[in-house]
Amino acid sequence: MSEHPKRRERLIQQIVSEGIDAVLVSNPVNVTYLTGFTGDSSHLVVSAAKTVLISDGRFTEQLAEECPGLECHIRPPSQPVIEASAQVLGSLGVAKVGVESGHLTIANFESLKEKLRTVAWKLGGDRVERLRQTKDDGEVAAIRRAIRVAQTAFTMFRAMLRPADTEKELADSLEMYTRRAGGDEGAFPSIVAVGARAALPHAPPTPRRVSEASLTLIDWGASAGGYKSDLTRVLFPHNNAGILGANGVVPSKLVEPKLREVYAVVLRAQLKAIAAIRPGVKTGAVDAAARGVIEEAGYGDYFTHSTGHGIGLQIHEAPFLRAGFEQLLEPGMVVTVEPGIYLPGVAGIRIEDDVLVTPNGSEVLTSVPKDLETCIHEF
Ligand code: ZN
Ligand code: ZN
């Protein structure tokens with residue numbers, strides 16, 4: 001059995017356990033996950049008896065390519081997708097139907113209720129999202145590929161990095177390297193942040209130049225075959241390459257003492273969080289592992305976000321490594337681990353890797369070096 005029917009099988013078990021007859025899947029990412037279809041404007045009805053993809057004539061050929069054998073209902077251009085979905089649900093004679101309350105708009109829900117007056121509706125925010133949390137082998141392979149692409153793009157990025165480059169130029173060229181390395185596109189708009197700009201965890205790129213500060217933060221990822229990768233590294237650009245070896249200066253001494261200290265704290269926090277990852281551990285405990293190191297070093301107030309998030313078809317998806325979260329890690333989950341310290345007006349340092357939860361522990365899937373010496377970038 002290919003992976004998509006298996007995924008639908010897991011959803012059907014969920015439907016049965018909830019005591020409902022069918023689910024209307026309206027979130028396009030979830031439709032892709034369950035069918036392999038990558039187009040939009042399409043819904044999926046899943047019931048124990050039947051699965052029907054509701055789409056339109058623009059996608060007939062793509063549907064045949066991407067999900068052969070799947071029953072499709074092709075609506076006419078004049079019929080909105082929600083009405084076609086109501087029609088399919090009506091024809092199945094289902095009495096209790098689940099909807100994706102995290103995605104379906106109120107207007108569309110009203111329209112469903114209007115068209116199917118006898119149906120009892122059950123809201124559910126994360127039925128398919130919960131299935132998506134644990135990746136099957138094909139998905140892990142796809143994430144590994146998205147990581148390879150991102151890492152190749154970063155090698156090109158470092159090879160081409162020049163002091164006069166601006167954040168904007170670098171973010172744009174990273175997108176190009178990602179595509180050239182075999183990615184479909186960047187997993188999200190890359191963050192390239194020079195000096196104090198790096199204190200903004202999601203800094204939009206500006207005309208600031210690499211040469212204007214002693215540090216550049218890069219947060220990037222690739223989308224390949226629909227799956228995403230997500231990494232962050234900080235580079236310390238330096239242009240005394242020729243002198244270095246001659247006078248025997250230890251490269252790490254080139255980084256300002258304060259930044260060196262903060263970098264060491266973030267790296268320690270990240271390694272501690274990674275070491276905490278294994279099945280059965282609470283997601284909140286992984287956050288606590290990173291946060292504990294940063295708090296102990298006196299920078300607790302400057303770590304202003306969660307430790308990590310799941311990656312897959314989306315760049316941010318469950319599970320989330322957040323303070324106090326009780327959810328347990330399971331084999332097959334892939335999460336980022338990305339603690340950071342942000343000193344307003346000075347700089348920000350974040351280190352981010354992607355980690356697979358394995359049956360016995362974890363595997364760090366990303367392999368861009370992160371010890372301070374390797375992040376000193378000599379022009
Ligand atoms: Zn990131
Ligand atoms: Zn991230």
Side-chain angles (χ1 to χ4, degrees), residues 29 129 132-133 135 142-144 146-154 157-158 167 170-172 174-175 177-178 181 183-194 197-205 215-224 226-235 263 266-267 269-271 273-274 276-277 283-284 286-287 289-291 294 303-323 325 329 333-342 347-357 362 364-370 375:
V29 180
E129 285 77 358
R132 282 171 40 202
Q133 291 183 126
K135 273 69 185 173
I143 292 171
R144 284 183 198 273
I147 288 169
R148 271 200 304 279
V149 167
Q151 297 191 154
T152 303
F154 191 64
F157 176 92
R158 280 195 72 160
E167 294 174 349
L170 289 170
D172 291 347
L174 194 44
E175 175 72 29
Y177 302 142
T178 302
D184 302 323
E185 58 186 347
F188 53 89
S190 301
I191 296 167
V192 178
V194 171
R197 294 286 304 162
L200 284 67
H202 276 191
L215 152 172
T216 298
L217 179 149
I218 304 104
D219 186 344
W220 82 107
S223 183
Y227 283 79
K228 321 287 186 205
S229 55
D230 188 6
L231 297 95
T232 305
R233 287 292 183 270
V234 172
L235 296 178
Y263 192 91
V266 173
L267 183 55
Q270 201 229 16
L271 294 174
I274 291 171
I277 294 180
T283 49
V286 180
D287 182 87
R291 206 165 294 281
I294 291 176
F303 177 20
T304 47
H305 55 74
S306 298
T307 293
H309 54 85
I311 52 170
L313 286 170
Q314 283 181 301
I315 187 63
H316 295 120
E317 58 181 53
F320 295 95
L321 306 181
R322 281 188 189 144
F325 269 34
L329 291 174
M333 288 176 168
V334 181
V335 292
T336 68
V337 179
E338 50 176 309
I341 292 176
Y342 308 94
I349 288 176
R350 175 167 68 253
I351 305 170
E352 177 176 27
D353 284 297
D354 302 339
V355 181
L356 169 69
V357 183
S362 72
V364 181
L365 301 177
T366 36
S367 57
V368 178
K370 57 188 171 189
C375 296

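Every heavy atom of this structure was used, including side-chain atoms; hydrogens, water molecules and symmetry mates were not. In this text, all values refer to a predicted model and were calculated from it rather than measured experimentally. Whatever order the structure lists them in is the order used to number ligands and atoms, beginning at 1.
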Practice prompt. Could you tell me which residues satisfy side chain to side chain donor-acceptor pair (under 3.5 Å) with T304, sequence neighbours excluded, listed by chain and number?
Written response: none
Fill in: Partner residues of E352 under the side chain to side chain donor-acceptor pair (under 3.5 Å) criterion, sequence neighbours left out
T232
Practice prompt. Quick one: list whatever passes salt bridge (Lys or Arg N to Asp or Glu O under 4.0 Å) with D353, sequence neighbours left out.
Written response: R233, K370
Worksheet item: Judged by atom type as modelled, is there a donor-acceptor pair below 3.5 Å linking the side chain of Q270 to the main-chain atoms of V337?
Response: yes
Worksheet item: With a cut-off of 2.8 Å, which protein N/O/S atoms are close to the Zn ion (ligand 2), if we only count those under it?
Response: D230 OD2, H309 NE2, E338 OE2, E352 OE2
Item to complete: Name the orientation class of the two ring planes belonging to H316 and H202 (parallel below 30°, tilted from 30 to 60°, perpendicular beyond 60°).
Response: parallel
Item to complete: State, to 0.1 Å, how close I311 and I315 come at their nearest heavy-atom pair, and which atoms those are.
Response: CG2-O, 3.4 Å
